[in-house]
Amino acid sequence: MADKTFPLNNGQTIPALGLGTWQSDPGQVKTAVSYALQAGYKLVDCAYCYANEDEVGEGLAEAFAAGVKREDVFVVGKVWATYNTRVELGLDKSLKSLGLDYVDLFLVHWPLLMNPDGNNDRFPKLPNGERDIIWDHNHVDTWKQMEELLTTGKAKAIGVSNYSKKYLEELLPHATVIPAVNQIENHPSLPQQEIVDLCKEKGIHIMAYSPLGSTGGPLFTAEPVVKIAEKHGVKPSTVLLSYHIPRGSTVLAKSVTPARIEENKKLIDLEEEDIKLLNDYSDNLVREGKVVRYVYPPFGVKFGFPDKP
Ligand SMILES: NC(=O)C1=CN([C@@H]2O[C@H](COP(=O)(O)OP(=O)(O)OC[C@H]3O[C@@H](n4cnc5c(N)ncnc54)[C@H](OP(=O)(O)O)[C@@H]3O)[C@@H](O)[C@H]2O)C=CC1
Ligand SMILES: O=C[C@H](O)[C@@H](O)[C@@H](O)[C@H](O)C(=O)O
């Protein structure tokens with residue numbers, strides 16, 4: 001299943017499973033990346049904001065030295081919010097750290113601008129401690145810069161991340177290039193079906209982040225997940241990762257633990273009744289207004305998600 005791919009709207013293919021690197025300690029992520037690629041992972045999800053791209057680059061280099069081919073690895077990067085008016089510079093910095101001359105996919109990490117001239121390169125703050133946001137920035141302008149990147153060859157595909165239906169509907173009428181991907185938080189406790197359906201209709205591939213509920217895997221005890229895991233004799237993590245394949249989405253699993261990196265490769269074919277159980281669980285949470293979003297940084301910006309208006 002680690003070899004499964006999905007088509008993108010620009011003719012590329014994207015692997016169904018990827019290794020996440022957010023909150024992967026610089027001291028551990030080199031080994032994690034190198035281990036994962038040599039174990040058969042084909043996609044690594046990176047970001048300037050994660051402040052570990054140098055070490056991810058060392059992990060890539062180690063894997064390449066061990067025989068993994070660059071063209072067999074799908075590397076994802078993301079322009080950070082302080083670079084949303086300087087997209088090519090943001091990409092150049094990431095490429096330098098990663099030791100690459102192109103990424104396979106480059107995403108707008110979040111649709112807003114933080115002060116490029118603020119008091120910190122990644123997280124500029126105001127004296128009152130709030131994030132230093134440039135409120136009159138239009139996210140469509142960032143997308144226009146992303147489109148220009150395609151002519152440089154430094155990004156093979158471009159896409160977005162953390163785009164709600166509202167933001168996509170603002171963007172799409174102005175897009176010359178339709179985003180190849182929207183990377184969003186996605187799991188049975190946050191199905192975000194309205195975004196997934198819109199993306200499907202427009203040919204935008206979903207990459208699901210925080211599939212285990214992010215730090216500490218809080219979704220492992222969700223009732224249908226436990227039930228389905230017991231039925232198939234697998235771990236809850238396997239059910240949570242496998243959930244995305246019949247949805248047609250790529251899933252990103254973060255781990256710096258070799259045994260878990262190995263375990264997370266073992267995706268299974270869920271049966272129709274398993275999928276129904278998970279969908280019923282999601283529908284109930286949506287109906288009761290009880291969906292859970294684990295990643296919602298304190299930007300103070302209204303991104304237009306129904307659960308976070
Ligand atoms: N575009 C965006 O804004 C965002 C993108 N992402 C991307 O998605 C990736 C995945 O999401 P993330 O939020 O990191 O969280 P995940 O849902 O992937 O969960 C990661 C956590 O689960 C643990 N874990 C991993 N595998 C197992 C397992 N088999 N059994 C038990 N525990 C396990 C990890 O621990 P350990 O590492 O110690 O093994 C870590 O604590 C990110 O790393 C990042 O690349 C994530 C959030 C936002
Ligand atoms: O990709 C992962 C997340 O989006 C992460 O980049 C943000 O949550 C960031 O740490 C922030 O605090 O704004």
Side-chain angles (χ1 to χ4, degrees), residues 17-25 27-29 31-33 35-36 41 43-53 56 74-84 105-114 120 122-125 130-133 159-164 179 181-190 192 195 206-222 225 229 234-244 249-267 292-301 303 305:
L17 170 71
L19 180 77
T21 61
W22 181 38
Q23 304 185 110
S24 295
D25 191 300
Q28 297 179 305
V29 75
T31 308
V33 168
Y35 182 91
Y41 280 65
L43 186 153
V44 183
D45 183 70
C46 317
Y48 180 75
C49 165
Y50 301 165
N52 59 9
E53 286 186 319
V56 171
F74 193 102
V75 179
V76 183
K78 308 185 196 92
V79 63
W80 182 237
T82 42
Y83 286 82
N84 278 352
L105 172 67
F106 198 53
L107 306 176
V108 179
H109 202 151
W110 287 90
L112 83 158
L113 179 65
M114 283 204 283
N120 186 279
R122 288 184 175 82
F123 294 102
K125 298 257 174 71
E130 288 173 9
R131 292 187 176 192
D132 190 353
I133 309 292
V160 296
S161 177
N162 297 302
Y163 263 64
S164 62
V181 157
N182 186 14
Q183 186 180 117
I184 53 170
E185 180 172 341
N186 216 213
H187 43 70
S189 294
L190 191 68
Q192 308 220 76
I195 305 177
I206 294 288
M207 292 180 84
Y209 75 63
S210 304
L212 309 175
S214 208
T215 311
L219 294 172
F220 294 158
T221 50
V225 174
V234 297
K235 298 249 172 87
S237 51
T238 305
V239 174
L240 287 164
L241 299 177
S242 303
Y243 161 79
H244 297 279
S249 305
T250 289
V251 62
L252 298 172
K254 177 265 177 182
S255 180
V256 290
T257 314
R260 290 175 176 174
I261 293 173
E262 195 64 47
E263 184 175 289
N264 292 345
K265 277 189 331 191
K266 293 175 203 140
L267 306 185
V292 191
R293 185 180 289 273
Y294 292 100
V295 180
Y296 199 71
F299 291 119
V301 171
F303 292 112
F305 296 111

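This is a predicted model, so every value here is computed, not measured. Sequence positions, counted from 1, serve as the residue numbers for this chain. Remember, it's 1-based here, ligands and their atoms both numbered in the order they're listed.
Judged by distance alone, with hydrogens and angles left aside, the side-chain atoms of Asn52 form a donor-acceptor pair with the main-chain N or O of Ser24 at under 3.5 Å. For the pair Trp110 (side chain) and Asn162 (backbone), a donor-acceptor distance under 3.5 Å is absent. Looking at Ser242, its side chain does come within 3.5 Å of a backbone N or O of Thr238 through a donor-acceptor pair.
Here the side chains of Tyr209 and Trp22 are not in contact, with every heavy-atom distance at 4.5 Å or above.
Considering all non-hydrogen atoms of both residues, Gln183 and Val181 come closest at N-CG1, 3.8 Å. Residues Ala47 and Glu53 come closest through the heavy atom pair C-OE2, 3.2 Å.
Note that the NZ atom of Lys125 and the CD atom of Glu130 stand 10.5 Å from one another [nearest 0.5 Å].
If you look at ligand 1, the protein residues with a non-hydrogen atom under 4.0 Å away are Gly20, Thr21, Trp22, Asp45, Tyr50, Lys78, His109, Trp110, Ser161, Asn162, Gln183, Tyr209, Ser210, Pro211, Leu212, Gly213, Ser214, Thr215, Gly216, Phe220, Ser237, Leu252, Ala253, Lys254, Ser255, Val256, Thr257, Arg260, Glu263, Asn264. Pocket lining of ligand 2, defined as residues with a non-hydrogen atom under 4.0 Å away: Trp22, Cys49, Tyr50, Trp80, His109, Trp110, Phe123, Arg131, Pro297, Phe299.
Under the 30°/60° scheme for interplanar angles, the aromatic rings of Phe299 and Phe303 are found to stand perpendicular.
Ionic pairing of Glu263 and Lys266 is not present here: no N-O contact between side-chain nitrogen and carboxylate oxygen is shorter than 4.0 angstrom.
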